[in-house]
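Contents: one structure, followed by commentary.
In what follows, every chain begins at residue 1, and chains take the letters A, B, ... in the order their sequences are listed.
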Amino acid sequence: QKEVEQNSGPLSVPEGAIASLNCTYSDRVSQSFFWYRQYSGKSPELIMSIYSNGDKEDGRFTAQLNKASQYVSLLIRDSQPSDSATYLCAGAFSGNTPLVFGKGTRLSVIA
Amino acid sequence: EPEVTQTPSHQVTQMGQEVILRCVPISNHLYFYWYRQILGQKVEFLVSFYNNEISEKSEIFDDQFSVERPDGSNFTLKIRSTKLEDSAMYFCASSARGTAAEAFFGQGTRLTVV
């Protein structure tokens, strides 16, 4: 059973701080990981994808993947109140198997 | 920017009735998916569709569910006889190259079974 685990939070950070969101997964045979942002009552919105070990930066977002430790993280720099949402970690474990989602971490950025 | 569109945004139906949820995936995408999210819970995979056939389905996707691509643009999910526990947000997603690439989600259909 392939699982993706996230701390449900809430994670509260002050405006302008770095928010660090973490995700672990159960299966070593992993291919790709994705971070989605979901506002309450809305659909998941893709914000980052990462396919290989290391860091990937896009604007204020940095995704980190460590396959040896089975760990994925998302850093949000200069956090804004508009970043307040639930962040979903999703993994694609092999070939074209469907995404497995974590429960999501609720982030609250306090102005 | 191309997007996945879903209709209706909200559907209320009586238990035992059939519902059809509609999706128009991004036009050059080849892989299509249905996911659902019960309120307060994880996003769960239902079914994936490629080359006009189901490529994978979860144990949620039982005989009450079916999918179809009736023409070149629409992708539908039918629930034959709805149950109270089918109440959820249903999301359609599409991808250009399967889960080796990013999947983009539609805005969802909120299904309420009463």
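Across every non-hydrogen atom of A:F101 and B:K42, the tightest pair is O-CD, 3.4 Å.
Neither the backbone nor the side chain of A:V100 comes within contact range of chain B; no heavy atom of the residue lies under 4.5 Å from a heavy atom of that chain. Neither the backbone nor the side chain of B:Q6 has a heavy atom closer than 4.5 Å to any heavy atom of chain A.
Partner of A:Y36 under the ring-ring contact (aromatic ring centres under 6.0 Å, His included) criterion, chosen from B:F105, B:F91, B:F104: B:F105.
Annotation for B:D62: atom CG counts as buried by contact number, over 12 foreign heavy atoms lying within 6.0 Å. By the 6.0 Å contact criterion, CZ on A:R106 is open, its count of non-hydrogen atoms from other residues, nucleotides or ligands being 12 or less. Within a 6.0 Å radius of NZ in A:K56, other residues, nucleotides and ligands contribute more than 12 heavy atoms. When the shell of 6.0 Å around CD of B:Q14 is examined, it contains 12 or fewer heavy atoms from other residues, nucleotides or ligands. By the neighbour-count criterion of 12 heavy atoms within 6.0 Å, atom CG of B:L39 is sparsely surrounded, having that number or fewer from other residues, nucleotides or ligands.
With hydrophobic clusters built from ILVMFWY side chains whose heavy atoms lie under 4.5 angstrom apart, A:L75 does not share a cluster with A:V13. A continuous path of Ile, Leu, Val, Met, Phe, Trp and Tyr side chains, each step under 4.5 Å between heavy atoms, connects A:F61 with A:F33, placing both in one hydrophobic cluster. By the criterion of side-chain heavy atoms lying less than 4.5 angstrom apart, applied directly or through intervening Ile, Leu, Val, Met, Phe, Trp or Tyr residues, B:F75 is grouped together with B:I60 in one hydrophobic cluster.
A donor-acceptor pair under 3.5 Å links the side-chain atoms of B:Y35 to the main chain of A:L99, judged by distance alone.
When the heavy atoms of residues 37-48 of chain A are compared with those of chain B, the residues falling under 4.5 Å are A:Q38, A:G41, A:K42, A:S43, A:P44, A:L46, listed by number.
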